[in-house]
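See below for the structure under consideration.
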Number of protein chains: 6
Amino acid sequence: MTRQTELNPPAFPKLATHIEGFDLIALGGLPEGRSTLLSGTSGSSKTVFAAQFLAAGIMRCGESGVFITFEEDPEDIRHNMIGFGWDIATWENEGRWAFVDASPQPGDPHITAGGYDLGALLARIEHGVKKVGARRVVLDSLGGVFAQLDDDATIRRELFRISKALRKLGVTSVITAERVEEHGPISRYGVEEFVSDNVVVLRNMLQEEVRRRTVEILKFRGANHQKGEWPFTIVPGHGVVVIPLSALELKQKSSDAR
Amino acid sequence: MTRQTELNPPAFPKLATHIEGFDLIALGGLPEGRSTLLSGTSGSSKTVFAAQFLAAGIMRCGESGVFITFEEDPEDIRHNMIGFGWDIATWENEGRWAFVDASPQPGDPHITAGGYDLGALLARIEHGVKKVGARRVVLDSLGGVFAQLDDDATIRRELFRISKALRKLGVTSVITAERVEEHGPISRYGVEEFVSDNVVVLRNMLQEEVRRRTVEILKFRGANHQKGEWPFTIVPGHGVVVIPLSALELKQKSSDAR
Amino acid sequence: MTRQTELNPPAFPKLATHIEGFDLIALGGLPEGRSTLLSGTSGSSKTVFAAQFLAAGIMRCGESGVFITFEEDPEDIRHNMIGFGWDIATWENEGRWAFVDASPQPGDPHITAGGYDLGALLARIEHGVKKVGARRVVLDSLGGVFAQLDDDATIRRELFRISKALRKLGVTSVITAERVEEHGPISRYGVEEFVSDNVVVLRNMLQEEVRRRTVEILKFRGANHQKGEWPFTIVPGHGVVVIPLSALELKQKSSDAR
Amino acid sequence: MTRQTELNPPAFPKLATHIEGFDLIALGGLPEGRSTLLSGTSGSSKTVFAAQFLAAGIMRCGESGVFITFEEDPEDIRHNMIGFGWDIATWENEGRWAFVDASPQPGDPHITAGGYDLGALLARIEHGVKKVGARRVVLDSLGGVFAQLDDDATIRRELFRISKALRKLGVTSVITAERVEEHGPISRYGVEEFVSDNVVVLRNMLQEEVRRRTVEILKFRGANHQKGEWPFTIVPGHGVVVIPLSALELKQKSSDAR
Amino acid sequence: MTRQTELNPPAFPKLATHIEGFDLIALGGLPEGRSTLLSGTSGSSKTVFAAQFLAAGIMRCGESGVFITFEEDPEDIRHNMIGFGWDIATWENEGRWAFVDASPQPGDPHITAGGYDLGALLARIEHGVKKVGARRVVLDSLGGVFAQLDDDATIRRELFRISKALRKLGVTSVITAERVEEHGPISRYGVEEFVSDNVVVLRNMLQEEVRRRTVEILKFRGANHQKGEWPFTIVPGHGVVVIPLSALELKQKSSDAR
Amino acid sequence: MTRQTELNPPAFPKLATHIEGFDLIALGGLPEGRSTLLSGTSGSSKTVFAAQFLAAGIMRCGESGVFITFEEDPEDIRHNMIGFGWDIATWENEGRWAFVDASPQPGDPHITAGGYDLGALLARIEHGVKKVGARRVVLDSLGGVFAQLDDDATIRRELFRISKALRKLGVTSVITAERVEEHGPISRYGVEEFVSDNVVVLRNMLQEEVRRRTVEILKFRGANHQKGEWPFTIVPGHGVVVIPLSALELKQKSSDAR
Ligand SMILES: Nc1ncnc2c1ncn2[C@@H]1O[C@H](COP(=O)(O)OP(=O)(O)OP(=O)(O)O)[C@@H](O)[C@H]1O
Ligand SMILES: Nc1ncnc2c1ncn2[C@@H]1O[C@H](COP(=O)(O)OP(=O)(O)OP(=O)(O)O)[C@@H](O)[C@H]1O
Ligand SMILES: Nc1ncnc2c1ncn2[C@@H]1O[C@H](COP(=O)(O)OP(=O)(O)OP(=O)(O)O)[C@@H](O)[C@H]1O
Ligand SMILES: Nc1ncnc2c1ncn2[C@@H]1O[C@H](COP(=O)(O)OP(=O)(O)OP(=O)(O)O)[C@@H](O)[C@H]1O
Ligand SMILES: Nc1ncnc2c1ncn2[C@@H]1O[C@H](COP(=O)(O)OP(=O)(O)OP(=O)(O)O)[C@@H](O)[C@H]1O
Ligand SMILES: Nc1ncnc2c1ncn2[C@@H]1O[C@H](COP(=O)(O)OP(=O)(O)OP(=O)(O)O)[C@@H](O)[C@H]1O
Ligand SMILES: [Mg+2]
Ligand SMILES: [Mg+2]
Ligand SMILES: [Mg+2]
Ligand SMILES: [Mg+2]
Ligand SMILES: [Mg+2]
Ligand SMILES: [Mg+2]
């Protein structure tokens, strides 16, 4: 097959994540101004990847970020990320990182009765984005919110509304979603991926008693990307590192990939 | 087996899609004047294929098209297709492409309460078709609509009504439908394929960490077609390209296929 | 094992279908005066096979037929079968083929509300049978009707009543039923095969990206038949052709089959 | 392992079925005075086996039988069995075979509304048993009855009551039950086998497009039997023939079987 | 790995079952004063094993037993066990075996309406235990009782209460439970094993048309036991015989088992 | 790949469990001040592991513990652990081990009606923790509690609240959870692992009739750990012993693990 690359129109704008190795397989980064669903089982590194998306923005290109957390409270996130050398507390003080704490609060009616007010949430996100002038936003994770919704149709509609609202804010965002098993449907309810513009899957495969982590870009609406699964590792003091094949190797690989 | 091809009655009328390579395996194109269900997982290229069906009609044979979108809004579709060199905005201005935006609107009661009015939708489609004198129509995707319906029987009936209505408009149409997994049932609810005259399946198989895309014509009521899965690729600047075996190879292959 | 074929009592009466090759594996044809359930996935050729059952009756032995259609309208069936050289419209004019159109009609309350009146249907079938003096009847397909019924017990009972009523009319009939996957249960609801006297399964297997069609007689109550799956093909201008092993080969094969 | 066969207490009483080959693997026949559940998919020969149980009783040892039929009507059973040389009508006239027709009747409220009266059924069975002095009884099949019952607990209780009642009549009986697939649970509802004293499974396995029939005694409460699956065939003019290994071979086989 | 067996504290008290071979793999017998869940498919020998637990107690060490039966009536159990040389009727007369007949009785409201009174049952069990001074108790099987309960939580609670009550009586007991398939969950409802102190699984595996019986001790809370599956056979005149590897072989095997 | 270990920030604080071999794979122990979900099938050693977590704390480093038991009563736990040489009763007298008995009590309305009061439970836990000055807490097991809750969302919320409350008490805790099968979802309801900061899985695999136990750290939020499954054994007189590869071997292994 011959590819007439000279005809290529201007590339779809991407935001470099600066997550090591990832931008190579993403052919530049995450689609700019849009949301990406980040789906994975428990422990597959969703939170690390999402936090790194913000941390790298701050450290590598001075872009602020907002982290909306739905179950872990901000203090935990701060604490859990210290091992990667990300000093979130300092960044917060510098006005480069803001938390929106949407986790259930003790004494909060939420915690006993369930109940969830999307409008209020979106207002708080907007407030956070404006406060730090964020270009990057993370929502981690919608699992607890979805659990309270009635059915797949509602989950679908709410996720759709959230994506729309984030789009309007002009930010590039990462929304984490839960999977129960490494095989089978991409997401817990089987609808999340369909209403998302972009989908990245983190896997933590168990083969003969050994674990192997991979990342895959399943879908980028309107943009090209490397296909298939790429191994990655979580390096203490660094975070996610997608296995650094040289650019050359990648190009070669891409020329016969689809 | 000997085929007495001299007895063949006049061929079933087909509309050449001008999607590269596809018309070869479709033995001419999609059955004219009818709907084709295009089923695939998230990211399997349903939207690209469907948009290309319209774009190729405009570019290759001057046939106008209507694109009914149920979740992505028209601006996104326009944007996402630029990478393939399809200048939808211009075509809209030229009266060759029309959008029917059936996506939930902010401030729209739809977005909060669900609810779906088929009659109104069909009227808007008819309006669009007349406006541009469309021969080609795309509905992408019914997933969000179906999610709001009560049960399989209702989904079945509504899809049936939509097909009937499109038939009456005299257009050749593509209706996209969702699958959750590459294996198993052809469509999410297991009924969509049965009420459709024609079914095409797009697959995005993961084998040993590598993805492979294929297209299969599962059913053309009343018409012949190549059988089995055919590899395709999405080429930046071009769109879907079904792997271009020479016509000769195809004929040879077809002579022992069923 | 020795078979004392000399003890065989008078054979169960069968109606030769004149579908090429099929009567060989059916050891004569379909059990006469009874219904046969024809189960298969979407696109497995149920409608082609069923229509050919009527067409062959008309063309090969002058037996008229009635085709009850539940979703596709008669005009479509006529159109779809032209590629096989079956001129249904002419046969209708000659009083040899009659349609009973049980498909939902626009403006019909059926189409919006569901609802299904078996008594009225049976009366229409009887009328059709009498009008053309039919010996063969096809019902294609009950899928849409079953979808509206409440539960498996109702589906079971209604299918039972339909079979009974057809039996009383003295006709030999084919009733098509839906399967969602090639593997697993014979029919969608797992009850259809049990209330049917005879069951034939059409398969359209996908193996390593290639499709292969087979037909199997799963059950003939009270009658012998070849066992297992037999390949077939759909030949333009002809219809279903079960692979024509010579009678000799078949006999040989049958002598060690069960 | 050494078996001290000299210690064996008096054998559990069995009723020779006189189904060819079966009594060898049953080590004498079916447990006398009890019911045996005969489970199998559609077309697995349940009805042939069950009818042969009665026919062989009449032909080989002068024992009368009662056949309770729940879906097929008696006329069909009579007709379907002629191919095996069983002249049921004559036996009925001679007072050696009686039908209890529990199939839904046209004009019968059963047929429209469901509903099922176990007490009345048992009275009819008792009447039939007394009329012909039956030692053998067949119920074929409870599938339609179970479909109308509410839940597994009810099915369990009703099957239990039927077995009890048959026990009280002093007859040896065969009760057929449905399975949807050859693999997986023994019976449709997963409870039928547990309330039955004895369970026999008929299989009709599809392996590489070829069918293979086997019979297995899964459970005889209180009695020994051969274990595992045994091939059988349906011979026109004869009926079920379990593959006739010589008695010697069987003994040999049994000595190392469990 | 070195095991410092000299440090072993006093062994957990066990009650020798005297079921041949079983006490070797149980490292002494069943945990004394507790209940053991005995789970298996239909025909896996649950009733034989459970009855043998009582019979061996009477025959080998003069311990009386109570057998609570929930579906089979006592007369059947007596009858079914004669083939193993167990003269239950005599033992009953001698006051060494007592039945508690909890099976549904004809004329009993139970039999028509369901309904189940745990308090009354426990009183009857206590009465039986006192009457014969039982050290061993069998409940066979709770399947029918569980079927009437509403949900898994209720089943869990009731099984828990029964175990508690048996514990208070000071008896060592065996409670049989149903499994639908040899693979998959240990018990029908997936909760029974969790509320039981001890779990033994009886399997009756079908491999290439041959059956193979095994017994496995899945869990002994607080006590050691051999791990994995051990083959057994049912010997006429004897009952269950776990394959008699010599004590030496077992010790050897155990030294590298976990 | 080169790891710049010189950049590593201060390690995440861990509490050495002193369970033999486990702290090596946990790279120090369990994350301090947090809860760890311990998931496994019935008999997978959850209770032994959890009790050992407390026992080792007392024996090896003088840390007191509280054991909240939800089904087994304290007397059973005491009894069951004697075989490992853990004299819990003495520890209780010395004020180093406290039980919170949350098991259903006879005469307790809980036992008949279900019902569960989280607030009261947390108060009792707090009381226990203060009484003995506990650093370690075990909850074994929540299975019975979860069974009474309405749905997955409630289970999720309650587990979340419990974790929060334990966090506030400053203790390091182990919460056991049930799995029904070794393969498939990590926990019974598929949500427990997502709301837990840390997840350890105990497996008891059946391969060719032999059992093999392994332990895996699936997730430590914010902390490094060895990946994959590690074999362990339960040694009488000792308890759980994770296979003692030398520290050297582990380091070597870890250097190429992810
Ligand atoms: N400082 C660290 N050093 C090394 N590895 C770490 C570190 N912190 C976390 N990890 C690794 O990352 C994993 C946690 O990943 P993370 O919390 O992102 O998972 P997740 O997909 O968000 O899970 P969940 O859905 O349960 O929230 C840990 O199990 C651990 O293996
Ligand atoms: N400009 C482009 N260049 C190359 N590849 C592209 C381009 N645009 C899209 N793609 C490819 O097409 C895929 C998207 O396909 P598409 O949106 O048609 O999927 P879909 O089946 O409609 O998914 P969904 O059901 O989620 O809507 C992308 O994941 C990407 O791989
Ligand atoms: N004229 C023709 N020439 C060749 N092949 C044809 C022709 N008409 C139909 N076919 C083949 O028959 C298939 C359609 O079969 P048919 O409509 O009988 O399927 P079906 O089992 O009835 O499906 P459904 O359940 O969706 O109604 C087509 O997909 C095509 O492969
Ligand atoms: N006269 C005959 N000669 C040869 N084979 C026969 C004859 N009659 C029946 N058969 C075989 O027996 C099969 C029918 O078996 P039968 O009706 O006993 O099945 P079944 O298990 O009762 O099915 P169902 O559950 O659908 O009632 C037929 O499919 C055919 O293969
Ligand atoms: N006297 C006997 N001699 C030899 N084998 C026997 C004898 N009695 C029973 N068996 C064997 O034991 C099996 C019955 O076992 P049992 O009744 O204990 O099963 P079960 O697990 O209780 O089944 P269910 O759950 O259906 O009650 C029989 O199928 C038979 O194979
Ligand atoms: N003293 C002992 N010596 C040796 N092994 C023992 C001893 N006590 C228990 N075991 C082993 O530990 C197993 C019980 O483990 P445990 O009770 O911890 O399982 P669990 O996962 O808590 O199960 P459940 O979910 O049913 O409570 C026993 O089956 C036995 O194999
Ligand atoms: Mg997370
Ligand atoms: Mg799309
Ligand atoms: Mg059809
Ligand atoms: Mg039958
Ligand atoms: Mg039993
Ligand atoms: Mg436990």
Side-chain angles (χ1 to χ4, degrees), chain D residues 1-13 27 31 34 37 118 151-158 160-161 163-165 167-168 183-187 190-199 201 203 205 212 214 216-224 226-231 257-258, chain E residues 41-48 71-73 75-87 103-106 110-114 116 141 143-150 178-181 183-184 188 204 206-213 231-238 241 243-244:
Chain D
M1 183 193 80
T2 58
R3 291 192 193 178
Q4 298 153 276
T5 47
E6 66 282 7
L7 292 184
N8 277 6
F12 194 100
L27 299 180
R34 298 197 164 172
L37 191 83
L118 179 59
D151 53 38
D152 293 2
T154 310
I155 288 167
R156 189 170 189 133
R157 199 176 54 228
E158 294 298 272
F160 183 80
R161 285 179 68 193
S163 303
K164 276 259 170 183
R167 185 78 80 81
K168 254 178 93 175
H183 298 284
I186 289 298
S187 60
V191 300
E192 299 92 313
E193 67 268 38
F194 287 98
V195 283
S196 300
D197 280 333
N198 309 292
V199 179
V201 181
R203 291 188 178 84
M205 308 293 295
R212 176 174 158 79
T214 65
E216 181 188 16
I217 298 172
L218 184 76
K219 177 175 76 166
F220 272 3
R221 279 186 181 150
N224 205 358
Q226 297 292 336
K227 311 298 180 314
E229 293 182 61
W230 297 80
R258 231 164 311 125
Chain E
T41 57
S42 178
S44 63
S45 316
K46 296 182 298 295
T47 302
V48 170
E71 281 185 331
E72 295 175 77
D73 68 31
E75 186 47 34
D76 285 348
I77 307 270
R78 276 181 213 112
H79 194 164
N80 290 345
M81 297 306 147
I82 282 180
F84 299 117
W86 306 333
D87 187 356
S103 69
Q105 301 301 318
H110 284 227
I111 215 169
T112 43
Y116 152 78
S141 101
V145 172
F146 287 168
Q148 300 167 39
L149 300 181
D150 289 336
E178 300 177 355
R179 293 179 83 190
V180 177
E181 293 188 76
H183 299 283
R188 186 189 287 269
N204 187 22
L206 186 61
Q207 285 164 341
E208 310 211 349
E209 314 204 341
V210 174
R211 289 278 173 185
R212 178 173 159 80
R213 296 188 191 275
F232 76 92
T233 190
I234 302 182
V235 183
H238 271 74
V241 179
I243 297 308

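Quick caveat, the model's predicted, so the values are computed rather than measured. Numbered from 1 within each chain, the chains take letters A, B, ... in sequence-line order.
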- Task: Please flag which part of R156(D) lies under 4.5 Å from any non-hydrogen atom of chain E: side chain, backbone, both or neither.
- Result: side chain
- Message: Regarding E193(D) and S42(E), do their side chains bring together a donor and an acceptor under 3.5 Å, going by distance alone?
- Response: no
- Message: Report which part of E181(E) has an atom under 4.5 Å of a heavy atom belonging to chain D: side chain, backbone, both, or neither.
- Response: side chain
- For the candidates R188(E), Q207(E), E208(E), which exhibits the highest count of non-hydrogen atom pairs separated by less than 4.5 Å from chain D? R188(E)
- Task: Salt-bridge test for R212(D) and E229(D): reply yes if a basic N is under 4.0 Å from a carboxylate O, no otherwise.
- Result: no
- Query: What pairs with E75(E) under side-chain contact (heavy atoms from CB on, under 4.5 Å), at least two apart in sequence or on another chain?
  - Reply: D73(E), R78(E)
- Message: Heavy-atom pairs under 4.5 Å with chain D - which of V180(E), I77(E), D76(E) has more of them than the others?
- Response: D76(E)
- With sequence neighbours left out, write down each residue that passes side chain to side chain donor-acceptor pair (under 3.5 Å) with E216(D), or none if nothing qualifies. R203(D), R211(E)
- Message: For T47(E), which atoms come within 4.5 Å of any heavy atom of chain D: side chain, backbone, both, or neither?
- Response: neither
- Query: Is the shortest heavy-atom distance from the side chain of K219(D) to the side chain of N204(E) under 4.5 Å?
  - Reply: no
